[in-house]
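Everything below concerns the one structure shown next.
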Amino acid sequence: MRAVALAIAALVELAWVPGGRADRREASVHAQLVGGVLTTGDVDAGAATARAPLAGLAVRASYATRDRYQYDVALALLRGGAAVFPDHTFTPPGRPAVTGPYRAGNLLTRLDAGLTFRLGVRWIPTARLAAGVQLRRTDAAQVEAEAGTFVARDPRLTVDLVGTVALGLDHRVNRRLIVGVAAGGSLAVPTGGTTAHSLEVTVHGAYYWYPRW
């Protein structure tokens with residue numbers, strides 16, 4: 001219990017600044033670097049899933065109507081590396097059937113909107129919840145067979161409903177600039193494909209101002 005009390009006290013000390021202002025009526029624009037792991041299924045892999053590295057960029061805009069939370073919208077462009085799936089037999093048009101393990105990467109374009117809760121002024125613990133849509137392009141399937149590597153299936157395009165969550169810590173460098181890190185993930189509910197989810201770490205810089213409207 002003493003350790004928990006000390007942790008809470010440390011968090012309060014980091015978050016509190018005498019006479020400081022929180023972010024009511026502040027707007028912001030964030031530039032984000034994203035890295036992590038993407039886990040996906042595939043229509044030709046049955047129940048199998050595979051993991052691949054994930055990296056990309058995102059931009060986020062926000063506006064706060066209260067000191068403790070802000071509304072925001074984010075657009076992310078993410079690239080998932082080649083995920084490797086078990087043996088499958090493909091029959092490309094006009095070519096003999098080919099069997100073997102295959103690989104396919106993914107390109108994700110995600111648009112979501114939600115709330116970010118902000119619990120401080122100088123050092124700022126954050127929690128973000130958002131939902132939106134995701135356009136997922138799965139690359140052409142590359143089959144590894146004894147005779148070599150073959151393109152066995154054309155690229156596919158699907159649309160997902162997606163939810164995201166992240167916990168982070170920001171630092172207010174000055175009145176205008178905030179930098180921070182966050183860790184979280186996403187869960188995609190496909191409308192015509194297979195499921196996908198990610199674990200993500202984000203590093204960002206943000207510019208804050210008070211709009212005159």
Side-chain angles (χ1 to χ4, degrees), residues 28-62 72-88 100-117 125-144 149 151-170 178-206:
S28 66
V29 175
H30 304 241
Q32 303 179 164
L33 295 175
V34 184
V37 178
L38 177 68
T39 301
T40 61
D42 189 85
V43 294
D44 292 314
T49 60
R51 294 184 179 90
L54 180 72
L57 301 171
V59 293
R60 178 159 54 100
S62 75
D72 54 29
V73 60
L75 176 64
L77 183 63
L78 307 171
R79 178 65 181 173
V84 180
F85 296 95
D87 286 9
H88 183 75
Y102 68 100
R103 63 183 63 230
N106 289 272
L107 182 64
L108 312 176
T109 302
R110 180 196 302 160
L111 177 65
D112 63 32
L115 286 173
T116 298
F117 297 91
T126 64
R128 182 173 190 262
L129 299 172
V133 294
Q134 178 173 272
L135 188 65
R136 181 168 23 138
R137 181 189 184 275
T138 301
D139 297 340
Q142 304 277 337
V143 179
E144 304 290 339
T149 302
V151 176
R153 190 187 70 199
D154 291 336
R156 295 188 172 188
L157 195 63
T158 58
V159 177
D160 304 324
L161 304 178
V162 63
T164 63
V165 61
L167 299 176
L169 181 65
D170 290 355
I178 284 180
V179 296
V181 296
S186 71
L187 176 63
V189 179
T191 60
T194 57
T195 188
H197 63 269
S198 66
L199 296 176
E200 301 171 11
V201 174
T202 300
V203 178
H204 74 267

Next on the checklist: Is the shortest side-chain heavy-atom distance between L57 and L77 below 4.5 Å?
Outcome noted: no
Next on the checklist: If you compare all heavy atoms of L38 against all heavy atoms of A196, which two are closest, and at what distance to 0.1 Å?
Outcome noted: CD1-CB, 4.5 Å
Next on the checklist: Suppose we screen for side chain to side chain contact (heavy atoms under 4.5 Å, CB included). Which residues come up paired with V43, at least two apart in sequence or across chains?
Outcome noted: R153, R156, T194
Checklist outcome for this item: Rounding to 0.5 Å, atoms OG1 (T39) and CG (L199) come to a distance of 6.5 Å
Checklist outcome for this item: With sequence neighbours left out, the residues meeting salt bridge (Lys or Arg N to Asp or Glu O under 4.0 Å) with D72 are R60, R128
Next on the checklist: I need the L135 CG to L157 CG distance, nearest 0.5 Å.
Outcome noted: 4.5 Å
Checklist entry - For R51, does the CZ atom sit with more than 12 other heavy atoms under 6.0 Å from it, leaving out its own atoms? => result no
Item to check | Spacing of CG belonging to L167 relative to CG belonging to L129, to within rounding of 0.5 Å | outcome: 8.5 Å
Next on the checklist: Return the CG to CG distance between D139 and N106, rounded to the nearest 0.5 Å.
Outcome noted: 6.5 Å
Checklist entry - Can V73 and L111 be said to form a side-chain contact (heavy atoms from CB on, under 4.5 Å), step by step? => result CA-CA 7 Å; V73 60; L111 177 65; 4.0 Å; yes
Checklist outcome for this item: Tightest non-hydrogen contact, residues A104 and T138, listed as CB-CG2, 3.9 Å
Item to check | Heavy-atom pair with the smallest gap, counting every atom of A50 and A83 | outcome: CB-CB, 3.7 Å
Item to check | Heavy-atom pair with the smallest gap, counting every atom of G56 and L78 | outcome: CA-CD2, 3.8 Å
Next on the checklist: Can you see whether Y102 engages D42 through a side-chain donor-acceptor pair at a distance of less than 3.5 angstrom?
Outcome noted: yes
Checklist entry - Does the side chain of H197 pick up a donor-acceptor pair with the side chain of T195 at under 3.5 Å? => result no
Item to check | Closest heavy-atom pair and its distance - V162, S186 | outcome: CG2-CB, 4.0 Å
Item to check | Point-to-point distance, once rounded to the nearest 0.5 Å, from OG of S198 to CG of L108 | outcome: 8.0 Å
Item to check | H88 side chain vs D44 backbone, donor-acceptor pair below 3.5 Å | outcome: yes
Checklist outcome for this item: Closest heavy-atom pair, F85 versus A45, reported as atoms and distance to 0.1 Å, is CD2-CB, 3.6 Å
Checklist entry - Going through the checks in order, is the side-chain contact (heavy atoms from CB on, under 4.5 Å) test met by T126 and L169? => result CA-CA 6 Å; T126 64; L169 181 65; over 6 Å; no
Checklist entry - Backbone N or O of V159 within a donor-acceptor pair of the T191 side chain at under 3.5 Å? => result yes
Checklist entry - From T164 OG1 over to D112 CG, what is the distance, rounded to the nearest 0.5 angstrom? => result 4.0 Å
Checklist entry - Less than 4.5 Å apart, any side-chain heavy atom of P190 and any of T158? => result no
